[in-house]
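The structure appears right after this line, and notes come after that.
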Amino acid sequence: MSLPVLVALVVVGIALSVLAVHFTGGSKIATLAGADQALSRFADDFPDEKAGAVRLTADSRTAFLDLRQGRCGIVHSVGDCFLTRIVTPHDVLALDVDEAGAIALKLADFTWKGGRFAFADKADARAVAAALGPQEPSLAKEAA
């Protein structure tokens, strides 16, 4: 088989693979319709957990849920699916809150490192940061 034919077959094969992923929903970005959907999606993975307040990001791609015992539930969109996690302050490697009402969160979990999350309400960003930040002042100094 000649090299140009082989190159053409590879290019067509890759193009068909990309189109198949796109048309089967692989390029969609899921968003949360509201707090009820976030609670429902979280309950699918953690049925025994009782969530309190739900704080949605401005783009509706992530929700932070208050849980008991100083834990926080997270529902985050990845492609057309949702990822759920339970996070404690011990799981947080770095947390930064900016003046615009956004938090930058870095987690110790190797499967999902966190990200930057912008909130429409600055009070929501402060509440999430308070829930995920160090609970003892001595730990805050060590983290800095």
Side-chain angles (χ1 to χ4, degrees), residues 5-144:
V5 173
L6 183 61
V7 169
L9 285 174
V10 169
V11 169
V12 169
I14 291 172
L16 289 175
S17 297
V18 169
L19 287 173
V21 168
H22 175 72
F23 287 118
T24 58
S27 61
K28 287 183 187 176
I29 296 177
T31 57
L32 293 162
D36 290 339
Q37 184 185 9
L39 288 168
S40 172
R41 182 60 193 92
F42 188 77
D44 287 345
D45 290 342
F46 301 100
D48 296 334
E49 295 292 335
K50 302 296 179 210
V54 177
R55 293 176 179 85
L56 287 169
T57 57
D59 61 3
S60 296
R61 291 187 58 207
T62 307
F64 293 86
L65 294 77
D66 289 338
L67 301 176
R68 295 184 196 131
Q69 302 167 342
R71 299 172 306 143
C72 183
I74 299 175
V75 179
H76 176 70
S77 71
V78 177
D80 65 342
C81 299
F82 288 103
L83 158 97
T84 57
R85 293 285 188 270
I86 294 178
V87 179
T88 67
H90 299 293
D91 300 324
V92 177
L93 294 177
L95 178 67
D96 184 40
V97 183
D98 66 18
E99 298 299 322
I103 63 171
L105 179 64
K106 184 176 180 184
L107 300 173
D109 185 352
F110 75 93
T111 62
W112 185 59
K113 294 292 185 181
R116 184 178 184 279
F117 306 98
F119 293 87
D121 185 3
K122 292 179 185 179
D124 286 343
R126 287 191 297 269
V128 170
L132 293 175
Q135 302 301 313
E136 299 177 26
S138 62
L139 294 176
K141 291 179 183 176
E142 290 175 15

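Note that these values count all heavy atoms, side chains included, but never hydrogens, waters or copies made by symmetry.
Considering Thr62, Leu65, Asp121, Asp66 as possible partners of Arg55, the one that fulfils the side chain to side chain contact (heavy atoms under 4.5 Å, CB included) test is Asp66.
Going from atom CH2 of Trp112 over to atom CG of Leu105 covers 6.5 Å, rounded to the nearest 0.5 Å. Note that CG of Asp109 is 12.5 Å distant from CD1 of Ile86, once rounded to the nearest 0.5 Å. To the nearest 0.5 Å, atoms SG (Cys81) and CZ (Arg41) are separated by 8.0 Å. If you take CZ on Phe119 and CD1 on Ile103, they are separated by 4.5 Å, rounding to the nearest 0.5 Å. One distance of note links CD1 of Ile74 with CG of Leu132; it measures 6.0 Å at 0.5 Å rounding.
Arg61 has its side chain within reach of Thr31: a pair of non-hydrogen atoms, C-beta onward, lies under 4.5 Å apart. Put simply, the side chain of Thr111 reaches to within 4.5 Å of the side chain of Arg85, judged on heavy atoms. Phe42 places none of its side-chain heavy atoms less than 4.5 Å from the side chain of Val54. Asp44 is not listed as a side-chain neighbour of Phe82, based on a closest heavy-atom distance of 4.5 Å or more.
Using modelled atom types, no side-chain atom of Ser40 and backbone atom of Asp36 make a donor-acceptor pair closer than 3.5 Å. Side chain of Arg71 to backbone of Arg68: a donor-acceptor contact under 3.5 angstrom is found.
Pairing each heavy atom of Ile29 with each of Ser77, the nearest pair is CG2-OG, 4.3 Å. For the residue pair Leu32 and Ala63, the shortest heavy atom distance occurs at CD1-CB, 3.7 Å. Across Ala131 and Pro89, no two heavy atoms sit closer than the pair O-CG, 3.7 Å.
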Can I get a per-line list of side-chain donor-acceptor pairs under 3.5 Å for residues 92-101, giving both atom names and the distance, sequence neighbours left out?
unit_1: Asp98; atom_1: OD1; unit_2: Ala100; atom_2: N; d: 3.1
unit_1: Asp98; atom_1: OD1; unit_2: Gly101; atom_2: N; d: 3.3
unit_1: Asp98; atom_1: OD1; unit_2: Ala102; atom_2: N; d: 2.9
unit_1: Asp98; atom_1: OD2; unit_2: Arg116; atom_2: NH2; d: 3.0

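Heavy atoms from other residues, nucleotides or ligands lying under 6.0 Å from NZ of Lys106 number 12 at most.
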